[in-house]
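Provided herewith is a single structure, encoded as structure tokens, for subsequent inquiry.
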Amino acid sequence: TRRKSNMIETTKNTKTVKAQTKVYDHLFIAIFGKDTERSKRWRLELYNALNNTNYTDPNELELNTLENVIYIKMHNDVSFLIDSQMTLYEHQRTTNPNMPLRGFFYFAQLYQKYIDSKHELIGTSTIIRIPNPNYIVFYNGDTERDEDYELKLSDAFMHEDKSGRFEWTARVLNVNKEYNLSLQKKCKPLYDYIRFVNRINENKNKGMSIEEAVDEAVDWACELNLLEGYIREQKAEVRMNLLTEYDEEAYVRIWLRDGRMQQAVENAKTMLADKLLPEKVSHYSGLPLEQVLELQKQLELQKQIVTK
């Protein structure tokens, strides 16, 4: 995995500490997406749990990683039936309705890679057989979601299309503590991962800072020997994994918040230009009345400048 230097600022008790760090893999990928013997075994266990299979040789799973995505394909020397499925796993801690589009882009790359490896020519008159796609998103964010649901690319089409002629689906599995319990029982590393992340969230809900919540959960996981001691062995890296993850989540939340605010302001300006009363503009846009009145003054001032 490619790593590069980066500067991360962390603030604790009003003291700012600058630390030279690396961009670490997200924890889910660090557990299931490495090329170590243990990660291979955990990956196979997750694959078996999801597909109700009982493969025993971890080397039968060929791993290929596209940034923060795990792509698993069975070697074709096992059986062509086993090699009929191309699986892509992705982990999300925030809800994202655009996952089908992301998956569509990823699979386009993966199929291109697959065809190139077979030295096939797509312009021939013979059909090229490709593995069946299987796209799974593991979700464990704070927003309440169903246990197992699908996101469809057609939901994003500009015009509603119920023909079914073109579709791409992302299956989303909620892996928060009380969800998909049967899957957790079948896959011990996934179960340990869920318990660990849940401990961090519980700590946050108690009012701990991110650093405090992560540090307490890491110590707790070490005592319980979660993930066969992986967290204890990789304590510093796991800690930075998590702090980087939560830092990214905070950035996404701020970005979404600012984006919604900017859109609300633009909508309010349009309604004011259409002569809607400020009270109604405030109601429809969600902006405070004081802010709407200020926008109204700005628009009137701009109009005066233009007419001079």
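Reckoned from all heavy atoms, side chains included, excluding hydrogens, waters and symmetry mates. The chain is numbered in sequence order, starting from 1. These figures come from a predicted structure and were not determined experimentally.
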Note: Asn51 and Tyr47 closest approach over all heavy atoms is ND2-O, 2.8 Å
I'd like a table of donor-acceptor pairs (distance under 3.5 Å, sequence neighbours excluded) in which one partner is a side-chain atom from residues 220-227, with atom names and distances.
unit_1	atom_1	unit_2	atom_2	d
Asn225	OD1	Gly229	N	3.2
Asn225	OD1	Arg232	NH1	3.0
Asn225	OD1	Arg232	NH2	3.1

The reported gap from NZ in Lys113 to CE in Met86 (rounded to nearest 0.5 angstrom) is 10.0 Å
Handout entry: Main-chain N/O of Tyr179 paired to Gln184 side chain as donor or acceptor, under 3.5 Å
Key = yes
Distance col, row Phe196:CZ vs Ile31:CD1, nearest 0.5 angstrom, shows 8.0 Å
Rounded to the nearest 0.5 Å, the CD atom of Glu216 sits from the CE atom of Met208 at a distance of 5.0 Å
Q. Hey, are Arg38 and Glu233 close enough for a salt bridge, meaning a charged N less than 4.0 Å from a carboxylate O?
A. yes
Next item on the list: Would you kindly confirm whether Leu101 and Trp168 end up in one hydrophobic cluster when ILVMFWY residues are joined by side chain heavy atoms under 4.5 Å apart?
Entry: yes
Applying ring-ring contact (aromatic ring centres under 6.0 Å, His included) to Tyr135 and not counting sequence neighbours gives none
* Asked: Okay, side chain of Glu212, backbone of Ser209: is any donor-acceptor separation there less than 3.5 Å?
  -> yes
On a heavy-atom basis, the closest approach of Tyr139 and Thr94 is CE1-C, 3.9 Å
Would you say the rings of Tyr89 and Phe32 are close, in the sense that their centroids are separated by under 6.0 Å?
no
Flag the pair Arg93 and Asp142 as a salt bridge only when some basic side-chain nitrogen lies within less than 4.0 angstrom of an acidic carboxylate oxygen. no
Practice item. Indicate yes or no for a side-chain donor-acceptor contact from Asn198 to the backbone of Ile194 under 3.5 Å, with no hydrogens or angles considered. Key: no
One should read off an interatomic distance between Tyr230 OH and Glu237 CD, to the nearest 0.5 angstrom, of 5.5 Å
Following the transitive rule for hydrophobic clusters with a side-chain heavy-atom cut-off under 4.5 Å over Ile, Leu, Val, Met, Phe, Trp and Tyr, establish whether Leu299 and Val265 coincide in one cluster. yes
Do side-chain atoms of Ser282 reach the backbone of Glu279 as a donor and acceptor pair under 3.5 angstrom?
no
With a 4.5 Å limit on heavy-atom distance, are the side chains of Phe28 and Asn140 in contact?
no
Any sub-3.5 Å donor-acceptor pair from Gln92's side-chain atoms to Val137's backbone N or O?
-> no
### Sidechain-backbone polar pair: Asp57 side chain, Asn59 backbone, donor-acceptor under 3.5 Å
yes
message: Are Leu289 and Leu272 linked, directly or through intermediate hydrophobic residues, by side-chain heavy-atom contacts shorter than 4.5 Å (ILVMFWY only)?
response: no
- Message: I'd like to know if the side chain of Asn176 reaches the main chain of Gly141, judged simply by a donor and an acceptor atom lying under 3.5 Å from each other, with no hydrogens or angles considered.
- Response: yes
**Prompt:** Going through the distances and angles, do Phe107 and Ile130 end up as a side chain to side chain contact (heavy atoms under 4.5 Å, CB included)?
**Reply:** CA-CA 11 Å; Phe107 268 92; Ile130 59 175; over 6 Å; no
Using atom types as modelled and distance alone, determine if a side-chain donor or acceptor of Asn180 lies under 3.5 Å from a backbone N or O of Val175. no
| message | Assess the residue pair Met240 and Leu243 against the criterion (side chain to side chain contact (heavy atoms under 4.5 Å, CB included)); give the C-alpha distance rounded to whole Å, side-chain angles, the decisive distance to 0.1 Å, and a yes or no. | response | CA-CA 5 Å; Met240 286 309 303; Leu243 291 177; 4.3 Å; yes
Self-check item: Sidechain N-carboxylate O distance under 4.0 Å for Lys297, Glu300
Solution: no
Quiz item: For the side chain of Tyr191 and the backbone of Leu181, is there at least one donor-acceptor N/O pair under 3.5 Å apart?
Solution: no
Heavy-atom donor-acceptor pair, Arg171 side chain to Ile136 backbone, under 3.5 Å: no
Correct closest heavy-atom pair for Leu121 and Ile128 would be O-CD1, 3.6 Å
**Report entry** Tyr114 reachable from Leu88 in the ILVMFWY side-chain graph, under 4.5 Å edges
**Finding:** yes
Correct closest heavy-atom pair for Lys34 and Ser39 would be N-OG, 3.0 Å
On a heavy-atom basis, the closest approach of Asn132 and Tyr111 is C-OH, 3.9 Å
